[in-house]
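Single-structure report; data block below.
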Protein chains: 2
Amino acid sequence: MSTKPKPHPQQNHLLAALAPDVQARLFPHLELVPLPLRSLMYESGRTMRHVYFPTDAIVSLQYIMENGASTAILVVGNEGLLGISLFMGGQGTPSRSIVQSAGHAYRLPRPMVKEEFNRHGQLLLLMLRYTQALITQVAQTAVCNRHHSIDQQLCRWLLLSMDRLSHNQLTMTQEFIGNMLGVRREGVTQAALKLQQLGVISYSRGLIKVLDRDKLETLSCECYGVVKKETELLLPYLPQRQVITNVAAIPVVKLPTV
Amino acid sequence: MSTKPKPHPQQNHLLAALAPDVQARLFPHLELVPLPLRSLMYESGRTMRHVYFPTDAIVSLQYIMENGASTAILVVGNEGLLGISLFMGGQGTPSRSIVQSAGHAYRLPRPMVKEEFNRHGQLLLLMLRYTQALITQVAQTAVCNRHHSIDQQLCRWLLLSMDRLSHNQLTMTQEFIGNMLGVRREGVTQAALKLQQLGVISYSRGLIKVLDRDKLETLSCECYGVVKKETELLLPYLPQRQVITNVAAIPVVKLPTV
DNA sequence: CAACTTCTGTGCGATATCGCACCCAAGCTC
DNA sequence: GAGCTTGGGTGCGATATCGCACAGAAGTTG
């Protein structure tokens, strides 16, 4: 593994979209945290103390049932943030957040979020737009769970994940994917085999490489497209501002576009 | 049918929870609209021009697939509002809203919503809390669609609807429920038969009477309980303030607690 | 009351997924 | 490289749901 450059806050689209003065106000309070694979970021019942802005990690939000069964209802990457409940007024949610692809996030402590909320500023507006995109994703997950095959859902899942990565490799076992989709491991095996035979992915011991993204999209159900379109509408991707914040605490690393 | 008293804005829990001065500011702009059964309140692609606060109607939010299949992801009654996207910053959502139980709603035109939003006032705060409850409901729908039987989902559906009514009758055909749950009509028939045989409901040509609500809850999956608990946590029911707004335009009708 | 429409009940074969048991292959450890 | 652990592939019967076809029952219309 090569020594990687420290991620920059602006890798997160929401942070990047903030006006320079807002960035100047907030960035000094950001804290970089590594998010190791499979680590638990939040668990039902706890209180969230920070809002997290992923830069190069992917986090999944799961609902867990009494009998242990689970379903992922949301994928969050550098397009969004984790912890909207801090804005919403709740303490937490009946869900669990798990790191699905290792990486980092910048986090903002609760008091800062509150302060920023009270300013009624740009971060609140962005958070609201993101929330609407989030609702669309969750809703579409509900629809997908009802109407589509495991095959299609696997495609959707892979695409949602790919969109939040800068490379084409995912590290997750079929068992893990099964937990996320709320289906049996064997079901994922079957679906993944089909995709392999079609040359769309290669899969070996927890490492998935997406070989043919276009084909993956045609094999997926419409759910992926709906979510993607809606997200782009609400959060048009702003090319990263190369704003040099004059805040010493934040090292400005010029990064290739994600 | 007896002549019913005109619904009062305060039948809607969110409107009722507003402080007197906010009520005084907003209520003159409210407009009462009847919501006939099965009427379409919103369709994907259109622009929402109002926020709706149901008083005695129930509205369902559906997602429609390309092939016409659908799933309801949300039930809205007098505990909430319709049109959060007006606060969120979007134009609309890829969904459809249909009146599932006839009644009324008060609506607030878009410009007023915007103005109120900019005040950063109580309505915004309430809307945010409601949104979090909404997300929980949608997420739990996703989980339920994945893991639970039609029987259980029917119970959940009936309970969600009952909670938003002051009586115990629902007017919907099995075909309609099938559309809402995203299952076949025959599936609903089977499930409804079981409930009838258990003496939990009676069902005849589109009219459902809930006879044993407690039993219905035990037969339902945990999803109902999770949503209910979370909603109560976020939107503790405030007994209706009997505030006499001095706004002539709003007739103050003293109503029994809903 | 006859004809029609709407809503509900039933039967049946097809299909997807499940739960479980088991095996094999790849990588890790000592 | 022997043994262990982890991840992936396979087979099989059980089950839930689907798609479809059709019958009967309850209202509605003429």
Side-chain angles (χ1 to χ4, degrees), chain A residues 37-38 65 67-71 100 142-158 169-198 200-209 219-221 223, chain B residues 37-38 65 67-71 100 142-158 169-198 200-209 219-221 223:
Chain A
L37 198 59
R38 308 286 172 266
M65 324 264 331
N67 66 11
S70 64
T71 310
Q100 184 215 304
V143 173
C144 203
N145 282 351
R146 162 64 64 223
H147 292 291
H148 297 136
S149 67
I150 296 186
D151 298 16
Q152 292 174 307
Q153 292 184 53
L154 176 59
C155 293
R156 172 176 64 87
W157 177 260
L158 292 177
Q169 296 196 359
L170 288 166
T171 307
M172 33 191 178
T173 64
Q174 301 186 346
E175 173 84 43
F176 182 80
I177 298 182
N179 278 328
M180 289 299 162
L181 297 183
V183 301
R184 286 178 320 153
R185 194 262 314 160
E186 295 91 324
V188 177
T189 302
Q190 298 303 330
L193 276 176
K194 287 185 206 168
L195 290 183
Q196 282 194 80
Q197 279 155 18
L198 291 170
V200 177
I201 63 169
S202 77
Y203 205 143
S204 166
R205 296 191 75 69
L207 186 67
I208 307 173
K209 292 181 196 171
L219 291 172
S220 174
C221 46
C223 297
Chain B
L37 198 60
R38 307 287 172 266
M65 323 263 333
N67 67 9
S70 64
T71 309
Q100 183 215 306
V143 173
C144 203
N145 281 353
R146 162 64 64 222
H147 293 290
H148 298 136
S149 67
I150 296 187
D151 299 15
Q152 292 174 306
Q153 291 183 52
L154 176 59
C155 293
R156 172 177 63 88
W157 177 258
L158 292 177
Q169 296 196 357
L170 289 165
T171 307
M172 34 191 176
T173 65
Q174 301 185 346
E175 172 84 41
F176 182 79
I177 297 182
N179 277 329
M180 288 300 161
L181 298 183
V183 300
R184 286 178 321 153
R185 195 261 315 158
E186 294 91 326
V188 177
T189 302
Q190 298 303 331
L193 276 177
K194 288 184 205 169
L195 291 183
Q196 282 194 80
Q197 280 155 16
L198 291 170
V200 178
I201 63 168
S202 77
Y203 205 142
S204 166
R205 296 191 75 71
L207 186 67
I208 307 173
K209 292 180 196 172
L219 291 172
S220 173
C221 47
C223 297

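Just so it is clear: chains get the letters A, B, ... in the order the sequence lines come, proteins before strands, and each one is counted from 1. Values below: every heavy atom of this structure, side chains too, minus hydrogens, waters and symmetry copies. Given the structure is predicted, the values throughout are model-derived calculations rather than measurements.
For the pair A:H148/B:M65, a side-chain contact is recorded, criterion being any heavy-atom separation below 4.5 Å from C-beta on. Looking at A:R146 and B:Q153, their side chains come closer than 4.5 Å, going by heavy atoms from C-beta outward. Inter-residue side-chain proximity for A:D151 and A:K194 is flagged as met; some heavy-atom pair is nearer than 4.5 Å.
Rounded to 10 degrees, the angle between the two end axes of the helix from C:dC1-D:dG30 to C:dC30-D:dG1 is 30°, with five pairs used at each end.
B:R185 contributes atom CZ, which lies 12.0 Å from atom CD1 of B:I177 (distance to the nearest 0.5 angstrom). A distance of 9.5 Å separates CD1 in B:I208 from CG in B:L195, rounded to the nearest 0.5 Å. In this structure, CZ in A:R184 is found 12.0 Å from CD in A:E175, a value given to the nearest 0.5 Å. Residue B:I150 holds its CD1 atom at 14.5 Å from CH2 of B:W157, rounded to the nearest 0.5 Å. To the nearest 0.5 Å, atom CG of residue A:L154 and atom CD of residue A:Q174 are 9.0 Å apart.
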For nucleotides 2-7 of chain D, tabulate all protein N/O to nucleotide N/O atom pairs closer than 3.5 Å, reporting atom names and distance.
residue: D:dT6; atom: O2; partner: A:R205; partner atom: NH2; Å: 2.6
residue: D:dG7; atom: O4'; partner: A:R205; partner atom: NH1; Å: 3.4
residue: D:dG7; atom: O4'; partner: A:R205; partner atom: NH2; Å: 3.3

### Message
Between A:L219 and A:L198, does the side-chain contact (heavy atoms from CB on, under 4.5 Å) criterion hold? Intermediate values first, please.
### Response
CA-CA 10 Å; A:L219 291 172; A:L198 291 170; 3.9 Å; yes
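The distance from atom CD1 of A:I201 to atom P of D:dG8 is 11 Å, rounded to the nearest whole Å.
Read 5' to 3', the first and last nucleotides of DNA chain C with an atom closer than 4.0 Å to a heavy atom of chain A are C:dT17 to C:dG27.
Toward the 5' end of DNA chain D, the nearer of the two residues B:G182 and A:L193, judged by each one's closest nucleotide, is A:L193. Mapped onto DNA chain C by nearest heavy atom, A:R185 and A:I150 fall at different nucleotides, with A:I150 at the one closer to the 5' end.
Although no hydrogens or angles enter the test, the distance criterion places no donor-acceptor pair under 3.5 Å between the side chain of B:N145 and the main chain of A:N145.
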